[in-house]
Structure formats: C-alpha cells, structure tokens
Number of protein chains: 2
Amino acid sequence: MAPKAYYSIHPKFHAAVDCIIFGFEEGELSLLLLQRDFEPAKGQWSLMGGFVEEGESLDDAARRVVAELTGLNDLYMRQVHTYGDPGRDPGERVLSTAYYALVDIKRYDRELVKAHNAHWVKLNEIPHLIFDHDRMVQDALRFMRYQATVKPVGINLLPEEFTLTQLQTLYEAILGEPIDKRNFRKRIASMDYIEKTGRIDKTLSRKGAALYRFNREKFDGNFKI
Amino acid sequence: MAPKAYYSIHPKFHAAVDCIIFGFEEGELSLLLLQRDFEPAKGQWSLMGGFVEEGESLDDAARRVVAELTGLNDLYMRQVHTYGDPGRDPGERVLSTAYYALVDIKRYDRELVKAHNAHWVKLNEIPHLIFDHDRMVQDALRFMRYQATVKPVGINLLPEEFTLTQLQTLYEAILGEPIDKRNFRKRIASMDYIEKTGRIDKTLSRKGAALYRFNREKFDGNFKI
DNA sequence: ATGAAAAGTGTTGCATTTACACTTTCTATT
DNA sequence: AATAGAAAGTGTAAATGCAACACTTTTCAT
C-alpha cells in the first residue's frame with residue numbers, strides 16, 4: 001500500500017468546472033453567460049461554473065452545473081481543457097476544467113436562467129469575461145468547430161426534427177462561411193443516418209419543408225471504428 | 001471581494017499530471033513506462049506522473065515530471081484530458097491531467113531512466129497499466145495521431161536532421177498504414193518549411209540520403225491563421 | 001389572379017489524390 | 001576489377017472528390 005505521506009505531503013486545490021453553453025437562434029450561435037450579481041467579480045460577465053464536490057466526477061460536476069442553469073440534464077457535453085495557472089483565479093488557487101454543452105435553445109428553463117441573471121449572447125457580441133474565461137471560450141469554440149466537421153454534433157443544437165434549411169444555416173453559423181445549397185443537400189443525402197420523418201414543417205415557409213431527424217443507431221452502426 | 005466562505009466550503013483535491021512519453025525507434029512508436037519499484041501499486045506498470053505543487057501551473061508540472069525522467073526540458077508537450085472520477089486512484093482522490101510528450105529517442109538521459117526503472121515499450125507490446133492509465137494512453141494516442149495529420153508535430157520524434165525515408169517510416173508508424181514513397185515525397189516537396197540541409201547521411205544506406213530539417217520560421221509564416 | 005418567399009433539384013469542370021515501376025548510386029564482397 | 005545488394009530517388013495517368021453554378025415548384029397572402 002501507499003504510505004500515507006505519499007499523498008499528504010502534496011498540496012490540495014479547489015477544483016471547478018466552467019461551462020461554455022452553446023445555443024443556436026436566428027441563424028447565429030450564442031452563449032449562455034452570467035451577468036454576475038454575486039461575488040467574486042460581481043457585476044462582470046462570466047461563464048456558468050461551479051466547484052467539484054466530494055464523490056463527484058468532473059463530468060458529473062459539469063452536468064450538474066449546466067442543469068442548475070438550464071434545467072436540462074441530457075445535453076451533449078465534452079471536456080475541452082483544464083486551466084491550472086496559479087493566479088488564474090485572483091481569490092484562491094482553483095483548477096478549472098472547461099466543458100462545452102450544446103442546447104436546443106427552445107428547451108431551456110427560462111425561470112432558472114432569469115434567476116441566475118443569465119443571458120444568451122450572440123458570438124460576435126460577447127463581452128469581456130472574467131479570469132481566463134475569454135480563452136476558455138476561444139478554445140471551446142475551436143474544439144466544437146473541429147468536432148462539428150468530424151461528426152454531426154451540431155444536431156444537438158436543433159430540435160428533434162429539423163428542416164434541411166435549418167441544418168444548413170446551423171452549419172454556416174458553426175463554420176462561419178456560406179455553404180452551397182445543392183452541394184450541402186447532396187452531402188446530407190449521402191448520410192443515411194439523417195432521415196426524413198415524412199412530416200412537413202409549415203411554419204418556416206409557405207411551401208413547407210420536409211422534416212428530418214438524426215438516427216443514432218444508424219450513425220453508431222456506420223461509424224464505430 | 002469574494003467572501004472567504006465562497007471557496008472554503010468546497011473540498012480540495014490532490015492534483016497530478018501523468019505523461020505519455022512517445023519515442024520512435026526501429027520503425028515503431030514506443031512509450032516510456034515505469035515498472036514501479038515504489039508504492040502505490042509497486043510491481044505494476046504505469047505512466048510517469050507526479051503531483052502538482054503550490055505555485056506551479058499544470059504545464060510546468062508536466063514539464064518538470066518529464067524532465068525528471070528524461071533530463072529533457074524542451075520537449076513538445078500537449079495537454080490531452082483531465083481524469084477526475086472519484087476512485088480512479090484507489091488511495092486518495094486525485095485529479096490527474098494527462099499530457100503527451102514527444103522525445104527524440106537518441107537524446108534522453110539513460111541514467112535517469114534506469115534510476116526510475118523505466119523502459120521504452122513498443123506500442124503493440126504495452127502491458128496493462130495501473131489505474132486509468134490504459135485509457136490515458138488510448139486518448140493520448142488518438143490525440144497525437146490527429147495532431148500529426150494537421151501539423152508536423154511528428155518531427156519532434158526525429159533528430160534535428162533526418163532523411164525522407166526516416167520521416168516516411170515515422171509517419172507510417174504514427175498513422176499505422178503504409179505510404180506510397182513517391183506520393184509522400186511529392187507532398188513533402190510542396191512544404192517549403194521542410195528544407196534540405198545539403199548534408200548527406202551515409203549511415204543508413206550505401207548510396208547516402210539527403211538530410212532535411214524543419215524550418216520553424218517558414219512554417220509559422222505559412223500557417224498562422 | 002398574381003407576386004413573394006422558401007424548397008427543391010443535376011451537371012460540368014477543376015483540383016486533389018491515388019496507383020504504379022524503374023533507374024541511380026554507392027560499397028562490400030568475391 | 002567486377003558484381004551483387006540495398007536503399008535513394010524520380011513522373012505520369014486514372015480516378016475520385018469537391019466546387020461552381022440557375023432555374024422550377026409550391027403555397028399562401030394580397
């Protein structure tokens with residue numbers, strides 16, 4: 001067994017998670033940010049975060065923190081990076097692990113968000129954030145963009161059923177560049193895990209647009225390597 | 001200011017770094033692993049790791065730990081992931097951040113490695129490692145492979161000057177598949193940041209092979225986005 | 001009846017990637 | 001001195017993937 005001193009001669013640190021919560025609305029990506037009405041850094045903007053508790057994994061902590069703010073427990077989340085510079089939190093030393101989360105912006109709990117004084121802010125209108133949260137956002141954005149080019153994580157920003165126009169607008173927002181409609185639809189047509197539901201959405205156009213859905217079974221079947 | 005209780009009501013944890021140290025020899029990737037002659041988990045195999053100390057960033061801790069074992073202070077290193085499940089270390093709770101490092105296997109300090117009872121182990125001969133170190137290795141390998149397809153990080157596994165055959169063998173080892181010699185050389189020729197030194201290596205063939213070197217300035221000039 | 005607004009639909013050219021085999025050079029051996 | 005062996009070095013053609021491009025259909029509101 002390990003001698004007791006093996007651990008105890010080393011310092012301990014607070015551990016936190018900070019969450020970069022992405023939403024998609026009006027053709028643009030947004031982040032859910034807190035206008036802090038509490039200390040520390042009261043009055044400034046920050047990411048939603050929280051301390052890791054005893055017996056709680058990092059993933060669980062991130063999930064809890066996001067659920068506290070959104071009421072949603074089933075979000076797509078990924079760890080981005082851990083920030084551990086001494087002095088990154090001017091109060092005490094805290095190691096913080098950043099996670100990004102993808103939210104269908106129609107689903108979050110408006111009461112909870114209001115209670116936390118949180119707001120959806122469009123990507124290009126993001127204010128300066130406290131500590132090293134600016135850098136966390138940059139890193140999370142880069143990582144999410146990369147993931148989106150590799151697998152269809154973006155789907156988690158849309159409702160269960162979505163039109164191809166919605167999907168294209170989403171990917172244009174993620175990649176930050178316009179996409180040719182015909183080429184885009186050709187590519188989607190070749191992905192059998194994005195399937196027509198047979199239903200039609202009439203709210204977004206007079207003509208109506210076919211609704212599609214992501215079929216996780218087909219995707220996992222095709223992509224497990 | 002933050003009330004003192006803001007921090008102090010939350011638990012603290014040990015923080016560690018574990019390092020996946022890659023080398024390249026005889027056409028294969030290897031890892032530098034410890035056969036532990038110390039507790040905990042004496043007798044088992046593990047990654048080189050260490051606790052994060054007061055006033056030391058995670059990156060610094062990883063750099064220190066790798067230098068302790070290899071004597072090398074200038075290695076290419078990247079953070080991979082942080083592992084925080086309660087119980088991942090059966091002794092006490094420890095949050096561990098994994099880093100990978102790339103070593104020119106000709107350069108490390110053999111005395112230090114021997115003193116730590118560490119050994120280079122080929123990728124496909126890696127034994128079961130303690131705790132969650134197996135998973136760390138898988139994650140690091142995937143991340144390093146991805147990085148190698150995007151930018152020439154592999155160069156850090158070779159000496160300053162190298163032949164194109166060495167470089168090709170390295171990339172075959174990283175990607176795990178054979179590469180066509182002519183296509184490979186065509187691609188390298190199009191990268192002006194890999195430049196001929198004018199020197200010739202005569203140790204690896206009778207004919208002799210041109211030595212090349214990575215020009216960081218040209219690379220940064222081309223790739224800064 | 002008409003106009004507006006979004007949905008939907010194929011083809012061609014271009015660029016990139018892949019497949020493929022022989023010659024050159026040198027030295028160690030006979 | 002001749003030769004065999006071993007790795008270095010070199011170009012072309014086919015195929016595939018990617019990018020560019022414009023008009024018709026449908027429906028509802030006016």
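Everything quoted here is computed from the prediction, not taken from an experiment. In what follows, chains are A, B, ... by sequence order, proteins preceding strands, each numbered from 1.
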Exercise. By a strict heavy-atom criterion of less than 4.0 Å, which residues belonging to residues 156-170 of chain B are in contact with DNA chain C?
Worked result: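 None - not one residue of the stretch has a heavy atom sitting under 4.0 Å from the strand.
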
For this session: Using a strict cut-off of less than 4.0 Å between a Lys/Arg side-chain nitrogen and an Asp/Glu carboxylate oxygen, indicate whether Asp59(A) and Arg64(A) qualify as a salt bridge.
Result: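 Not counted as a salt bridge, because no side-chain N and carboxylate O are separated by less than 4.0 Å.
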
For this session: Flag the pair Lys122(B) and Glu25(B) as a salt bridge only when some basic side-chain nitrogen lies within less than 4.0 angstrom of an acidic carboxylate oxygen.
Result: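 Here Lys122(B) does not pair with Glu25(B) in a salt bridge, since their nearest N and O are not under 4.0 Å apart.
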
Exercise. To the side chain of Asn183(A), which of dG10(C), dA7(C), dT10(D) is closest?
Worked result: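 The closest nucleotide is dG10(C).
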
Problem set entry | Arg182(A), nearest nucleotide to its side chain (from dA8(D), dA6(C), dG10(C)) |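 The listed nucleotide nearest to Arg182(A)'s side chain is dG10(C).
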
Exercise. Centres of the Phe162(A) and Phe214(A) rings: under 6.0 Å?
Worked result: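 No, ring centres 6.0 Å or more apart.
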
Exercise. Any donor-acceptor pair under 3.5 Å between the side chain of Lys181(A) and the base of dG8(C)?
Worked result: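 Per atom types, the contact qualifies.
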
For this session: Mind checking Lys202(A) for me? I need base, sugar-phosphate or nothing, with any heavy atom below 4.0 Å counting as a touch.
Result: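 Contact class for Lys202(A): sugar-phosphate only.
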
Exercise. In whole angstroms, how far is the C1' atom of dT24(C) from the CD1 atom of Ile200(B)?
Worked result: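 So the CD1-C1' distance, Ile200(B) to dT24(C), works out to 13 Å.
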
Exercise. Roughly how many Å is it from CG in Leu211(A) to C1' in dA7(C), rounded to a whole number?
Worked result: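 For the pair Leu211(A) CG and dA7(C) C1', the rounded distance is 13 Å.
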
Exercise. Any sub-3.5 Å donor-acceptor pair from Gln79(A)'s side-chain atoms to Thr82(B)'s backbone N or O?
Worked result: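 Flag set: sc Gln79(A) to bb Thr82(B) pair under 3.5 Å.
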
Exercise. Hey, does the side chain of Arg185(B) come within less than 4.0 Å of dG9(D)'s phosphate (OP1/OP2), counting only N and O?
Worked result: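 True: Arg185(B) side-chain N/O within range (under 4.0 Å) of dG9(D) OP1/OP2.
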
For this session: Could you tell me whether the phosphate oxygens of dG5(D), OP1 or OP2, come under 4.0 Å of any side-chain nitrogen or oxygen in Arg206(B)?
Result: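 Looking at the OP1 and OP2 atoms of dG5(D), neither is under 4.0 Å from any side-chain N or O of Arg206(B).
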
Exercise. Can you find a heavy atom in the side chain of Arg185(A) that is under 4.5 Å from one in the side chain of Thr165(A)?
Worked result: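 Yes, their side chains come closer than 4.5 Å.
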
For this session: Select from Ser205(A) and Lys186(A) the residue whose nearest nucleotide in DNA chain D is closer to the 5' end of that strand.
Result: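 Per heavy-atom nearest nucleotide, the more 5' residue is Lys186(A).
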
Problem set entry | 5' precedence on DNA chain C between Ala210(A) and Asp180(B) (nearest-nucleotide basis) |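 The residue closer to the strand's 5' end, by nearest nucleotide, is Ala210(A).
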
For this session: Tell me yes or no: between the side chains of Ser96(A) and Asp18(A), is some donor less than 3.5 Å from an acceptor?
Result: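 Checked: Ser96(A)/Asp18(A) side chains pair up, N/O donor to acceptor below 3.5 Å.
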
